[in-house]
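Below: one structure, written as structure tokens.
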2 protein chains.
Amino acid sequence: MLKSDLRITKTKQALEEALLTLLQEKPLKSISITEICRLAKINRGTFYLHYGQIEDLFEEYYKEIMKDLTDSYQEPYRHADILNTKKLNPSTIRIFHHIETYKNFYRIVFSRTVPMSYYYLLFNQVQDLLKRDMELKLKSSVDPAMLSAYQANAILGLIIEWGRNDFQQPAEDMNLLLVRILNIQIESRG
Amino acid sequence: MLKSDLRITKTKQALEEALLTLLQEKPLKSISITEICRLAKINRGTFYLHYGQIEDLFEEYYKEIMKDLTDSYQEPYRHADILNTKKLNPSTIRIFHHIETYKNFYRIVFSRTVPMSYYYLLFNQVQDLLKRDMELKLKSSVDPAMLSAYQANAILGLIIEWGRNDFQQPAEDMNLLLVRILNIQIESRG
DNA sequence: TTTTTTATTGAACATTTGTCTAATAAAAAG
DNA sequence: CTTTTTATTAGACAAATGTTCAATAAAAAA
């Protein structure tokens, strides 16, 4: 038995394409299931066969972008197995470029009416990526899950603020900003 | 003219009470407007006169709790006008106790199906509170909005992870954890 | 190819949503 | 207390939701 029927693939593709088309003209919140199915020429019952709500369909598209995030994050590791940890989170730094590339998408992710699950998809991804660096400097008794949650969400905080400025600053400036913030935290205890 | 009609107050109270009752037996997501109105004995049209969706009703309840957060946060300031900044974020520290007190509420706030707006309500509140401390140590060229966004969301990251453990750890442990994490960030660059 | 499996369809259904009326009742203002 | 203002109501409406069914068509397996 095959992992997925061709008909399923075709149906899902049609639905995703329809959603993406509709997203270009109106906000996610105002798009109905009926509308997507009408455009995709898919029976509404078929939609419910694969998804429970529009958000589930969007999440599938979301995962493609998370794949790119992981790839761009891991790029610095392709040449060196272990990065110089003296440099300020050198690997973290690619995340801002990734967000900038997909800012139309992230405007949706960070919008008020969207479900928290989108935030978690991003949060979990960044947290997982950070854990790789974590192991290196882990002499402390702090729970790695807690530490990575702290750092991952701190960065998401910057991104939210960035998004509030409609991603005006270049990604490179955000990198510098992150470095400066980390320095402040050191100075203030000197 | 008075700020609000008695009828409005009564209606809103009835709706909030109905929502809170329903929340004890089922998740927010599965509660319908029709259901709330039926229980509150309020005409459905009246609901739409005050709110656009269930989430708006929940947000009104949310704001009561945000009031308590602000109060408990500002408690350390009641006796001293300026806190010793050498101590690790002494004022921040009350937030974990607040969350613990209202953990049934925060389980909803951090649940996957809820809209991002709930997250923003909390994020904005914590960010505002942090800005008070911020001014003291602000010699750097970093945008205060960015810095407070970073720190506020970092703490929310800890709370999310805490929530994943269903708030098992005592709030006091979370305080210690926060102190340890801040120390790690210093050590790792010595 | 033929057979078997199963995804999709159209149609129907009860329910909820969001919006709108004119009638009513409650509160505020005089 | 009387008048004025306005919040609430019941009812109706088109649309969307969520679910179910037997019939059909497409894909996988033989």
Side-chain angles (χ1 to χ4, degrees), chain A residues 1-61 108 111-118, chain B residues 1-61 108 111-118:
Chain A
M1 52 187 85
L2 227 62
K3 53 179 70 174
S4 95
D5 199 306
L6 275 189
R7 290 168 292 185
I8 297 179
T9 311
K10 211 185 78 183
T11 296
K12 289 190 167 185
Q13 258 178 9
L15 288 172
E16 181 177 310
E17 197 184 312
L19 174 60
L20 258 33
T21 302
L22 289 171
L23 275 176
Q24 289 177 328
E25 39 180 284
K26 59 165 92 176
L28 183 62
K29 190 62 186 300
S30 69
I31 299 172
S32 71
I33 292 173
T34 303
E35 203 174 2
I36 293 174
C37 293
R38 195 163 42 220
L39 185 60
K41 295 190 206 312
I42 297 293
N43 188 278
R44 204 163 50 81
T46 307
F47 177 95
Y48 286 107
L49 225 53
H50 299 292
Y51 309 100
Q53 44 186 334
I54 295 177
E55 284 73 20
D56 298 336
L57 174 58
F58 187 77
E59 274 201 27
E60 216 158 75
Y61 169 56
I108 298 173
S111 64
R112 295 174 46 84
T113 52
V114 124
M116 262 299 275
S117 57
Y118 296 176
Chain B
M1 50 186 88
L2 225 62
K3 53 179 68 178
S4 93
D5 198 307
L6 276 190
R7 290 169 291 185
I8 296 179
T9 312
K10 211 184 77 182
T11 296
K12 288 190 168 186
Q13 259 178 7
L15 287 173
E16 181 177 311
E17 196 185 312
L19 173 61
L20 258 32
T21 302
L22 288 171
L23 275 176
Q24 289 177 328
E25 38 180 286
K26 59 165 94 176
L28 184 61
K29 189 62 187 300
S30 68
I31 298 172
S32 70
I33 292 173
T34 303
E35 203 174 1
I36 294 174
C37 293
R38 194 164 42 220
L39 184 61
K41 294 189 207 312
I42 298 293
N43 188 278
R44 202 162 53 82
T46 307
F47 177 96
Y48 286 107
L49 225 52
H50 299 292
Y51 309 100
Q53 44 187 331
I54 296 177
E55 284 73 20
D56 298 336
L57 173 58
F58 186 77
E59 274 201 26
E60 214 158 76
Y61 170 56
I108 298 172
S111 64
R112 295 173 46 84
T113 52
V114 124
M116 263 299 275
S117 56
Y118 296 176

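Looking at heavy-atom distances under 4.0 Å, I33(B) makes contact with sugar-phosphate atoms alone, never a base. If you check every strand for non-hydrogen atoms under 4.0 Å, K41(A) touches sugar and phosphate atoms only.
To the nearest angstrom, P of dG18(C) lies 10 Å from CG of D56(B). The separation between Y51(B) atom OH and dG18(C) atom P is 16 Å, rounded to whole Å. Rounded to whole Å, atom C1' of dA26(D) lies 8 Å from atom NZ of K10(A). In this structure, R44(B) atom CZ and dT16(C) atom P are separated by 9 Å, rounded to whole Å. Distance, Q53(B) CD to dA16(D) P: 18 Å, rounded to whole Å. For E35(A) and dA15(D), the CD to P distance is 13 Å, given to the nearest whole Å. In this structure, CG of L49(A) is placed 15 Å from C1' of dT24(D), rounded to the nearest angstrom. Computed from coordinates, the I8(A) CD1 to dA26(D) C1' distance equals 12 Å when rounded to whole Å.
Among the nucleotides dT9(D), dA7(C), dT16(C), the one closest to the side chain of D5(A) is dA7(C).
Between Y48(B) and dG18(C), a side-chain N or O to OP1/OP2 separation shorter than 4.0 Å is present. At least one side-chain nitrogen or oxygen of H50(B) sits closer than 4.0 Å to the OP1 or OP2 atom of dT8(D). Contact between the side-chain N/O atoms of T34(B) and the OP1/OP2 oxygens of dT15(C) is not found at any separation under 4.0 Å. The side chain of S32(A) places no N or O atom within less than 4.0 Å of a non-bridging phosphate oxygen (OP1 or OP2) of dA15(D). Distances shorter than 4.0 Å separate some side-chain N or O of T46(A) from OP1 or OP2 on dT9(C). Distances shown here put a side-chain N or O of T11(B) below 4.0 Å from the OP1 or OP2 atom of dT8(D).
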Check your understanding: Are I33(A) and Y51(A) close enough, and set up right, to give a side-chain contact (heavy atoms from CB on, under 4.5 Å), and what steps lead you there?
Key -> CA-CA 10 Å; I33(A) 292 173; Y51(A) 309 100; over 6 Å; no
Practice item. Apply side-chain contact (heavy atoms from CB on, under 4.5 Å) to the pair L19(A) and L28(A), showing each step before the final yes or no. Key: CA-CA 9 Å; L19(A) 174 60; L28(A) 183 62; 4.0 Å; yes
Check your understanding: Does the pair S117(B) and E55(B) meet the rule for a side-chain hydrogen bond (donor to acceptor under 3.5 Å, both in side chains), with working shown?
Key -> CA-CA 9 Å; S117(B) 56; E55(B) 284 73 20; over 6 Å; no
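For dA27(C), the base has no donor-acceptor partner in the side chain of R7(B) [N/O atoms by modelled type, under 3.5 angstrom]. Counting distance only, with no hydrogens placed and no angle test, the side-chain atoms of N43(B) and the base atoms of dA10(D) include a donor-acceptor pair under 3.5 Å.
For the pair G45(B) and L6(B), nearest-nucleotide mapping onto DNA chain C gives the more 5' position to G45(B).
You'll find the side chain of E60(A) stays beyond 4.5 Å of the side chain of H50(A), heavy atoms only.
Between Y61(B) and F58(B), the angle of the ring planes goes over 60°, which puts this pair in the perpendicular group of the 30/60° scheme.
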